[in-house]
Each structure stands twice: as C-alpha cells, then as structure tokens.
Novice: 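The structure follows.
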Protein chains: 2
Amino acid sequence: MQSQDIRKAGLKVTLPRMKILEILENHGNKQGARHVSAEDVYKHLLANGEDIGLATVYRVLTQFEAAGMVNRHHFEGGHSVFELAGEHHHDHIVCSQCGHIEEFVDESIEARQHSIAKERGFELREHCLILYGNCVKENCPHR
Amino acid sequence: MQSQDIRKAGLKVTLPRMKILEILENHGNKQGARHVSAEDVYKHLLANGEDIGLATVYRVLTQFEAAGMVNRHHFEGGHSVFELAGEHHHDHIVCSQCGHIEEFVDESIEARQHSIAKERGFELREHCLILYGNCVKENCPHR
DNA sequence: TTTGCTGCAAATGCTTTGCATGTAG
DNA sequence: CTACATGCAAAGCATTTGCAGCAAA
C-alpha cells in the first residue's frame, strides 16, 4: 500500500499524493516510460480525470525527492525527469533521436569513480553518468 | 590570434565576440575558473567596462558552441556552464560545497562506456559523467 | 552596400511561491 | 481544531527572440 510510503515520508496521505505515486508506479512497469517529467505526470492526471494542479505536482515530486522516494535527473534540454527510487543505483543511456532511455550498472565504472574521487581528495556523494547515442530499436525514427 | 578562430567559425570578427573569447581564455588559465556561466561572462564584461548585452553573450556562446569552440555542460541547478573546448575530452568532478571543479580522464571508464553502448545497440555519440562530492581544499567553506 | 551583428525589451519555458480556502489527523 | 495541503494566479530564473539601428566585409 503506497499510503504507508507517504506516511513514512512524514507527509499527510492525500488524494493528489496517492494519485501521483500511482502514476509513478504504473509507468514504472512500462518499458521506456519509467522516467517522467512533471508535465507528463500532470497530463496523466488530467487524462485520468483528476483535478490536480501542476504546482501541486511539482510540490509533491519535490517532497518525494526529499524523502528519497523518487530520483530527479537533469537531462539535456533543461527540464527535469523523475523516476521512482528503486533499490539499486543505476546510470542511463539515452537515444538522442527517439528519447528512449535504458538503465545500466557497471561495477568497474563505479569502482573507478570512487578511486578517482579519492585520488583528488573528494568524498564522493553521488554522480551522474549519462551516455547519449543513437539506438537501433525498430521504433526509433531515424533508424 | 583569436580573430582567426572566430573567422574560421564563419562568424564576423566583432568586438563582443573578441572580448568574450578573451574572457574564456583568461579564465582558462586560472585554476577553478575554467568553467563559467553566461552570467559570469557577462559580469566580467561589465567589470572590464564593456557595454555588451547579456543576450549577446548567450548568442555568442551558442555560436561558439555550434562551431565547436566551446563546450556547454548542464550541471545540477539548472544553469549551463561553458568552457573553452580543449583538444582533449575530459569529465568533471564538482564539489557540492564550494563549486570547485576539477577535470579528469579515465581510459578504463571511457572504454567501458563504449562497450556498454555497443552491447545495448547504441552508437555512442557523447556522454556526460559528473562526480559530485565534498572536497577537502583549504578554501572550501565546509572544511 | 549588403549581410550579418548588437542592444534592448519583451517573450519563453520550466519551476517555484503567495495566498485564501480546504481537509487530514 | 490546527497544521499542513491544495489550486490558482502571479512571480522567478535562465535563456531565447523580435526588431530597429549599426557595423564588418
């Protein structure tokens, strides 16, 4: 039950928060739709007939982020993308043509990052690794 | 002479473009100041008594980027940072506290990135790897 | 002279905030 | 009942664009 997650985050369980979490979860199952912008969430809410303001979407996503329930990424082009925080860390590879996003984890890269930070006197807190390229999926426009 | 670089980019050699390039170069020598925002460039211009509009700074930086003379990075927090395009590619490590930026290159990471992209059917075009952490430089506020 | 450049101000696009009302606990 | 949530509209930023005047080639 997601109401527990919301309560645990120290937030009141309200309809907007439930619905937004629901959308994040539903799209977490679909391929390629795991990462949504605030605008995306808002559109889905409207499509579901919910009457929730865009400002609330931003507020709630920010609160979820603060609570560690979702992660926010700043991809190219300015706007942010949110995804339900999974158990496991991962990086992204994005298609420049169709926007298709895949996740990956590479232990050797993770390890090197720590060494690099340490060598330079940094205490590594987080990192952002995004590969941009052209994919060869059958539905990619440029293929 | 930087007027050559501008001309080679197919742009007219004008005072604003010269001055902006100059600022990019001057700060390319200082440690930690290699990466500047449009606003930074604008402030330096004002400080130097130049009467150049912020819009022009953005326009020129964008043109320089298109010409491959500078690189643009989207760091956390929304705004872009520009740096003179060096000969060699590199990644960044940024201090979350003081904003100090260092560059690094790690061949093993570069190599893994290519393998990862290839394995997933992507033709890698570029990537963005930024490590965020706390540095232990003597001038870092939190130290 | 002609085409491209500039400053200014206004317009954008994404995100945040102020405020009066509404509601979970 | 009280503190926190919400919707709406307005405000904020970083960045872009329209336009009339200017300047490089």
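All chains are named by letter (A, B, ...) in the order of the sequence lines, taking the proteins before the strands, and each is independently numbered beginning at 1.
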Novice: Taking CZ from B:R17 and P from D:dA23, how many angstroms apart are they, rounded to a whole number?
Specialist: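 Going from CZ in B:R17 over to P in D:dA23 covers 15 Å.
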
Novice: Can you tell me how far C1' of C:dT15 sits from CD of A:E65, to the nearest Å?
Specialist: 13 Å

Novice: Between A:M18 and A:I6, which heavy-atom pair has the shortest distance, and what is it?
Specialist: N-CD1, 3.9 Å

Novice: So, does the side chain of A:K12 form a donor-acceptor pair with the base of C:dT23 at under 3.5 Å?
Specialist: no

Novice: Check the side chains of B:H89 and B:E110 for a donor-acceptor pair under 3.5 angstrom, ignoring hydrogens and angles.
Specialist: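 Checked: B:E110/B:H89 side chains pair up, N/O donor to acceptor below 3.5 Å.
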
Novice: Measure from CE on A:M18 to P on C:dT23 and round the result to the nearest Å.
Specialist: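 Those two atoms, CE and P, are 16 Å apart.
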
Novice: Pick out the pairs of N or O atoms, protein on one side and nucleotides 15-20 of chain D on the other, that lie under 3.5 Å.
Specialist:
| unit_1 | atom_1 | unit_2 | atom_2 | d |
| --- | --- | --- | --- | --- |
| D:dT15 | OP1 | B:S80 | N | 2.7 |
| D:dT15 | OP1 | B:S80 | OG | 3.1 |
| D:dT15 | OP2 | B:Y58 | OH | 2.3 |
| D:dT15 | O5' | B:Y58 | OH | 3.3 |
| D:dG18 | O6 | B:R59 | NH1 | 3.3 |

Novice: Which heavy atom of A:C135 sits nearest a heavy atom of A:C95, and at what distance?
Specialist: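 What the structure gives for the nearest pair is N-SG, 3.3 Å.
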
Novice: When the distance from CG of B:L61 to C1' of D:dA14 is rounded to whole Å, what number comes out?
Specialist: 13 Å

Novice: Which whole-number value in Å describes the distance from B:I52 CD1 to D:dC22 C1'?
Specialist: 15 Å

Novice: Can you confirm whether A:D5 sits close enough to A:F64 that some side-chain heavy atom of one is under 4.5 Å from a side-chain heavy atom of the other?
Specialist: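 No, side chains not in contact.
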
Novice: Has the side chain of B:D106 got a donor or acceptor atom that lies under 3.5 Å from a matching backbone atom of B:S108?
Specialist: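 It does hold such a pair.
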
Novice: Using ring-ring contact (aromatic ring centres under 6.0 Å, His included) as the criterion, list what pairs up with A:H92, not counting sequence neighbours.
Specialist: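 Checked A:H92 against ring-ring contact (aromatic ring centres under 6.0 Å, His included); matches are A:H35, A:H73, A:F75, A:H90.
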
Novice: Whole-Å distance between C:dT15 P and B:H74 NE2?
Specialist: 14 Å

Novice: Indicate whether OP1 or OP2 belonging to D:dA25 is found under 4.0 Å from a side-chain N or O atom of B:R7.
Specialist: yes

Novice: According to a strict under-4.0 Å criterion, is A:T14 in side-chain N/O contact with OP1 or OP2 of D:dC4?
Specialist: no

Novice: Using modelled atom types and a 3.5 Å cut-off, is there a donor and acceptor pairing between side-chain atoms of A:T62 and backbone atoms of A:Y58?
Specialist: yes

Novice: Starting at atom OH of B:Y42, determine the distance to atom C1' of D:dC13, rounded to an integer number of angstrom.
Specialist: 15 Å

Novice: For the side chain of B:V13, counting heavy atoms from C-beta on, which of D:dG7, D:dA25, D:dA5 is nearest?
Specialist: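 Of the candidates, D:dA25 comes closest.
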
Novice: CD1 of B:I6 versus C1' of D:dA25: gap in Å, rounded?
Specialist: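 Going from CD1 in B:I6 over to C1' in D:dA25 covers 15 Å.
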
